Structure formats: structure tokens, C-alpha cells
Amino acid sequence: MNKGFCYAILATVVLLLASCSSTKYVPDGSYLLDEVRIHTDNKEVKPSNLSLYVRQNPNSKWFSLIKTQLYVYNWSGRDSTRWINRTLRKLGDAPVIYSEEDTERTSEEMTKAVQNMGYMGAQVEPLLQTKKKKIKLAYKVTTGKPYKVRTIKYDILDHKIREYIRQDSASTYLFEGMYFDVNVLDAERQRIVSNLLQKGYYKFNKDYISYTADTVRNTYLVDLTLHLALYKQHREDEPQNHRQYTINKVSLITDYNVLQSSALSSIEVNDSLHYRGFPIYYKDKLYLRPKVMTNNLRIVPGALYNEQNVQRTYSNFGRLQALKYTNIRFFETQQGDSAKLNAYVMLTKSRHQSVSFEVEGTNSAGDLGAAASVAFQHRNLFKGSEAFMFKLRGAYEAVSGLQSGLNQDYIELGAEATINFPRFMFPFISNNFKRRIRATSELGLQYSYQMRPEFTRIVASAGWSYKWGVQQQRSQHRIDLLDINYLYMPWIDPDFKEKYLKQEQNYILQYNYENRLIVRTGYSYTYNSAGRALMNNAVIGNSYTIRVNFESAGNLLYAIANTVRLKKNEQGEYTLLNIPFAQYLKGDFDFAKNFVIDNRNSLAFHVGAGIAIPYGNATLIPFEKRYFSGGANSVRGWSVRELGPGSFSDNGNFLNQSGDLKLDASIEYRTRLFWKFRGAVFVDAGNIWTLRDYKDQPGGKFQVDKFYKQIAVAYGLGLRMDLDFFVLRFDGGMKAINPARGEKRYPIIRPDFGRDFAFHFAVGYPF
């Protein structure tokens, strides 16, 4: 693309923005709210924490720089009946007109917020600066000296609760010398309530807890007293100690319809049974085994009411795909002087069987194709909420540009079957451990028959794995106890074999076109600080994600082969049924963090590293386990598998552009544009390397004194369409530093659009 043409486009956009007055639709006598800032005289009171109380913000800016949507709105004419004007106003944002009332309310709420932090003498003063029809607003926050707690006393007449609070005093948020922070006081109330709800106090809430604060004259000290009121069922009743409830009876109802009345008498049941002391009521036929239901219960007769156990019961039943909803209700029953609760766990059945169809388009390095699949799913195969899935898949792709002169197509036929058990299935493990870990076990089988112009390949795999999550779904663990992959090459084109696979320098090609057995075990860990908020599409602030993965392959097979002294093949490899097996160690680490600047802008960065080490029975990592660089989720100035290793470049063979070690880093500024569209500016850096010096990858070996010179860098722009359920992403990247070009390794100085640009389409964010 001609650089002069690019500059002309940029100049045109700038002129259009500049020619449009930002105050075009600001009425006379009013002002456009151009800027809002918060200034504090205390480092402990951060403006970012007070921005939540600002009731009126100026028009949003793209990338925190340009009020693009305000300009788009102002491009519209005054005739609102014309469609072009209506469209521009819908895409843009109307000017934010300064409101004195909102400023006063903001000052009041901000003052109260700072006072609640312990600065009782805090003041907030709005400062206005006007220029023509624009106004800049600054809130000047003067905190004053903070009030501190001198003494803490407890006024608790309920002796049993007083003892519980004393036993849990190490966890209190209150201490002498603390700031008189109302937020901390409220957090202490909630902490006490949470503790008592685990001790049987079913009806207790934080309204029973209050404070009195006496300030010492002429000082900034406070004498604090925590009061706990006695229980009253009615206002005129005599106060008494709070009731401590015990679970009396737990019943399960399996055919609850949430659309009907919630009254127990309206639930349709016509049969029942007792299992381990738990009555189970159902209609016509029991669709879950009694053991499955009782094993997921955490509410036990005879135990004190515990809110934590109630939530665990909800969580356990929520994992069962055979169920759609779970509802737990409690009813009081008085037995003498004891307060007891009858619990009813009401379950709603899900649709157990379904068939789904999927059609998708594919694009592999410019070769277009299509794929289709049909899947059958049974969510309650053995009446224990076992989820079974069987899928058939077919794909077709037009293959072009083969160096061998072949001009055929790529066809893939595949089948996949998985069964997921909602429990930890392993011998010699106690039931208590299985209940605590709440893992799922999965058996998977896959078969793929691939027909390319150069070869025919069969990939068969089988695996047994465990998955579980903890800490409000923030942490996820996965153990691949056994994963077996078999790669079989029944046919290779003779011309392709003669031209590429019989040359000594193409060692990597030869290795990856041979039959191979991979028997691996692995462990992966993921931590997302957003946790359940991410699953519920809640508003998420600053968050980060950590991913760690480790796997090994071939160690057990090598130990057995070495012990029994099996013979080796011509390449010096042990074989199993004449099939050589891979042996390697592989580890990956990935960290991503998102900083929220405001409600429309954020900054995200990502670093990742990985290493795979072949040893023992292998001198090379199997192609499926090797690293590659470039593409939509890596250094975006290069297409997928086009970068590296090191300073090596071979656009004719993507197999050679793979490595044993990978480094990646990215930083991305994200902004909301309009409607469902989001924009991004990014810079990526990274590359891959080999651990050994291979003849067909010159310049690809990792060397401590050279690798930093081989870091590739790209920059670019992105457009994303956020459709709530998924994100469509379009990224355009330009090469900034290209290690494969030697002395001409800085294309950022003399960019060439045709040479240095790469376009990417993907689903989801890159990190």
C-alpha cells in the first residue's frame, strides 16, 4: 500500500474530527462537561477509589485520547427525520451537559465515603474552570486527621454467642489503633454473622449487631463498643437468647417443577423409598441412584445448621448434569426446648438426551474448507449423572500450492467418545477424600483418519483424566493420569517421500512422517482471580490468570524396555510392537493481567514461556508437542507457524518452523468503540528456539548470548465484536523487528505492507 495514500487517509480523518465542533449541540447557557478529575491531599485516599462516587462523567474517549463518539454524534445534521442523522446519533454519544445538581450529590457522597474511612473532618470542594462552552471539573479532597480506635469493648448478653466470638477473636478485623473505618466495622459484622451461621444460628443476621463510638474530647481517639442484641420474634416479646438450630430430618424430592407452586403439598409424588435414613420422594420412576444423591448431601440430621454445608450441597448437586435446578428449603419444628429444622432438597430433572449438529468454515493458510459434525449426548447414562458424548466429524479442504506438484484435497473423518463421571474414581481412596476434592473423572477415545495429497495418516488416542476446582472456581486442576496417542502413516506419496524424506538434511521431516507412540501423563493448574464472576458475566475489575502445565512421556516404557533389554531399531530407539515411542519432559507457564483504567478502557499484558526436552528414547519432540510462533495468539506480525526458530526462516515448510523452547510477551490497550465493537492497539514480542543444533534449522538453536537478539517484535490494531457468548476478533499486525532478515531486521524503519503485514481472524481474546 502506498505510504502517501495512508498519510492522506490519516490526514482526512484528523481534518474531519477537527472540523466538527464538540459543542455543536450544547445549548446556550449550558456547558459541555469536558473533564473530571479528583485530587486528594492524602496518599492513603486514592482518587481511583473515589471515582465510583462520581455521578457525571464526560463523554468517553477511544483509547483514552479522542472523544470519537461525540464527534460522530456531532456529524449528524439537525434534521432528525433523515436516516443518516438518526444513524449517526445512534452510533455516537450525545454531549454530556454539566449538571450542578449531580456535582453537589457527588461532593456529598464523596465526603461521606472519605469520612467513613475514618477522616471525620474530611471536606470535598468542587472546582470549576470554564472556557467558552466547555467546563473542567475537579474535586479537591481535604481529608484532615484520621480518627483512631483507642479501646474496644463488647456488650454481648448471649453467653453462648459471646463464647463463640471469643474463640474466633484471632480472625477479628478490629484492633486498638486502627482507623475508625466504617467499612471495616461493617465487614466485622458480616464476619461474625458468617461464623454464627456455621454454628446453628439459622435466623441470625447483621441487624442484631451495632456499634457505639464515643470520641474523646479534643483528641482524634474513639472508644468503640460492639453490641449484640438479644432475639425477639415480635417487637412486644421479651428478649431471649438466640436459638441454635439442629437439623431434624432431611428429605429429597426428585421431581420438583419450578414453574409450579413452591408449596410442598403441590409437588406431585406417588412413590418413595428410604436410603441410609434419608427419605426420597419421586414420581413414577427414580432417575438417579439413591447413593448418588446422598453422597452429594452435606446437610446431616442431628448436626447444627451450617450455612456453608448448605452452599456445598447446592454446589455438589449443581455439578450433576442430570439435574437442571436445585432448591433447598427449611421448616422450623419445635421439639421440647430444642429448635430444629426439617430440610427438603428439591431437584428438577434436566433433559437427559440430545442430538446436536454443527457446521463450520475453515481457513488454513489461505486454503478454504468446511467441516460438519453430529453429536449425541446422554447426561445420565448409568443413573449417576454420567455424561456420555459420541461425535462424528467430517472435514474437507482445498489444498493448493504444494511443492510436490500434487493438486488434491484434504479430507478428514473422525469419531470421538467421552464419558464423564461426576466423582473421583480411583481405588484405595477414602470416601471423605472423594467428597472433599469433588473431582470429575473422564474417559475419552478419539479416532481420526486424515487423507492429504502427500500422505494418509491415522491418529488414535485414549485417555483417563481428573478435573476439579476450588476457591469459588478460581482454581482449576487437571491430572491426565494416562494419555495414549498412536500416529500411524499407512501411505506416503512416493514422489514426496523421494524428494523430501530421503534427504539427510530433512531429519525433522523424516521423524514426523514415521509411526509414533506417545504415552504421557500430565498435570495442569489454572488460577483466575475473577473466579465465579467470570462465569456469571459480572463486572470484573483488575484481574489476573496463571496457567501452569507439566507433562512427561515414555519414562515407564523406557524403564521396562531397558530392564528387559529389548532390541533397538536402526535409529537406536526402543519399540513397542515395532512402534518407537516418544520420551520427553515438557513444562509451560503463562501469566496474564488486566488493568481497568475506566469503564471503557483497560490495559492487558501477557507473558508466557515453555520448554520441551527430548531424551532417552528420542532426539526430537513429536510435531504435535513442539512449539510454533506467529498467528492470532502469538506474535501477530507473522502468520501461524511462520516465525522462527531463532533467526531461521523457511516459508516452504512449516514443519521446520517449530521448536523446543518458546518465549512470548504482549501488551494490549483495549477500548470500547460503539455498540458491540471493541478496539485494541497491541505490541507483541517473542520467538521459538531449538535445544539442539539441527542441520535443517540453521540459526535456530537457543544460545544465552544471542537469543535476545532474535526476539521478534510486532505491532498492530485490532477490532473485536463482543456478542456476549463469544468474541469475534480481527487483528492486523506489522513486523517491527524481524530476526530472520539479518542486517535488515528493522522493518519498522522502512515498512512494506505487502511484506510485513499479517491479518488474523479468531474467536475469543488472545489472552
Side-chain angles (χ1 to χ4, degrees), residues 365 485 487 500-514 516 518 520 522 549-555 558 571-573 580-590 607-631 633-635 637-665 684-714 735 737-742 745:
N485 292 267
L487 286 71
Y500 294 101
L501 304 186
K502 288 190 176 182
Q503 299 181 29
E504 292 183 2
Q505 69 270 24
N506 283 338
Y507 174 71
I508 295 177
L509 276 173
Q510 295 174 24
Y511 187 88
N512 287 289
Y513 280 89
E514 295 174 351
R516 192 73 52 188
I518 304 174
R520 60 175 285 272
N549 180 74
F550 175 81
E551 64 179 81
S552 67
N555 295 322
Y558 186 84
Q571 287 76 33
E573 300 170 308
F581 56 87
Q583 188 174 9
Y584 63 87
L585 291 175
K586 183 178 181 181
D588 299 278
F589 173 80
D590 194 273
V607 291
I611 185 171
I613 305 173
Y615 64 99
N617 206 52
T619 56
L620 194 70
I621 299 294
F623 176 71
E624 289 77 7
K625 299 297 180 180
R626 289 172 69 82
Y627 296 105
F628 63 88
S629 194
N633 298 320
S634 186
V635 188
W638 283 259
S639 297
V640 63
R641 302 181 188 273
E642 282 191 355
L643 174 60
S647 59
F648 172 76
S649 178
D650 183 4
N651 295 326
N653 195 334
F654 67 88
L655 283 173
N656 282 341
Q657 298 203 256
S658 60
D660 310 317
L661 188 149
K662 181 176 183 178
L663 295 176
D664 258 337
D684 301 328
N687 207 334
I688 55 173
W689 293 266
T690 60
L691 296 178
R692 301 181 182 182
D693 196 358
Y694 297 108
K695 291 182 180 180
D696 44 351
Q697 291 178 312
K701 184 181 178 181
F702 180 85
Q703 299 181 58
V704 176
D705 59 339
K706 292 183 178 180
F707 85 94
Y708 62 91
K709 299 177 183 178
Q710 298 171 337
I711 298 290
V713 179
K735 298 177 179 66
I737 301 177
N738 187 352
R741 298 193 64 204
R745 59 199 302 265

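As the structure is a prediction and not an experimental result, all values here were calculated from the model.
Contact check for Ile621 versus Pro614: side-chain heavy atoms found under the 4.5 Å cut-off. Tyr511 places a side-chain heavy atom less than 4.5 Å from the side chain of Arg516. Taking 4.5 Å as the limit, every side-chain heavy atom of Leu661 sits out of range of all side-chain heavy atoms of Phe707. For the pair Arg626/Thr690, a side-chain contact is recorded, criterion being any heavy-atom separation below 4.5 Å from C-beta on. The closest side-chain heavy-atom distance from Lys586 to Ile613 is not below 4.5 Å.
In this structure, Tyr558 contributes its side chain and Gln583 its backbone to no donor-acceptor pair below 3.5 Å. Gln697 places a side-chain N or O within 3.5 Å of a backbone atom of Ser658 that can act as its donor or acceptor partner. Here the side chain of Ser629 pairs no donor or acceptor atom with the backbone of Leu643 at under 3.5 angstrom. A distance-only check finds a donor-acceptor pair linking the side chain of Asn687 to the backbone of Gly646 [under 3.5 Å].
Taking CZ from Phe581 and CG from Asn555, the interatomic distance works out to 9.5 Å, rounded to the nearest 0.5 Å. From Leu487, atom CG reaches atom CD of Glu624 across 4.5 Å, with rounding to the nearest 0.5 Å. Atom CD of Gln571 sits about 11.0 Å away from atom CG of Asn617, to the nearest 0.5 Å. Taking CZ of Phe702 as the start and CD1 of Ile611 as the end, the distance is 8.5 Å to the nearest 0.5 Å. Interatomic distance, CZ of Arg741 versus NZ of Lys735, reported as 9.5 Å (0.5 Å rounding).
In terms of heavy-atom proximity, Gly610 sits nearest to Asp588 at CA-OD1, 3.6 Å. Scanning both residues, Tyr694 and Leu620, for their nearest heavy atoms gives OH-CD1, 3.3 Å. When all heavy atoms of Leu585 and Ser552 are compared, the closest pair comes out as CD2-CB, 3.3 Å. In terms of heavy-atom proximity, Pro580 sits nearest to Glu573 at CB-OE1, 3.5 Å. Annotation for Pro739 and Ser647: closest pair O-CB, 3.4 Å, computed over non-hydrogen atoms. Minimum heavy-atom separation, Ala740 to Phe648: CB-O, 4.3 Å.
Both tests pass for Lys662 against the ring of Phe628: distance under 6.0 Å to the centre and angle within 45° of the axis. For the pair Arg520 and Tyr584, the cation-pi criterion (under 6.0 Å, within 45° of the ring axis) is not fulfilled.
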**Study point:** Criterion side-chain contact (heavy atoms from CB on, under 4.5 Å) on Asp664 and Ser634, from CA distance to verdict
**Key:** CA-CA 7 Å; Asp664 258 337; Ser634 186; 3.3 Å; yes
Practice item. Show the numbers, then the answer: is there a side-chain contact (heavy atoms from CB on, under 4.5 Å) between Asp590 and Asn549? Key: CA-CA 9 Å; Asp590 194 273; Asn549 180 74; over 6 Å; no
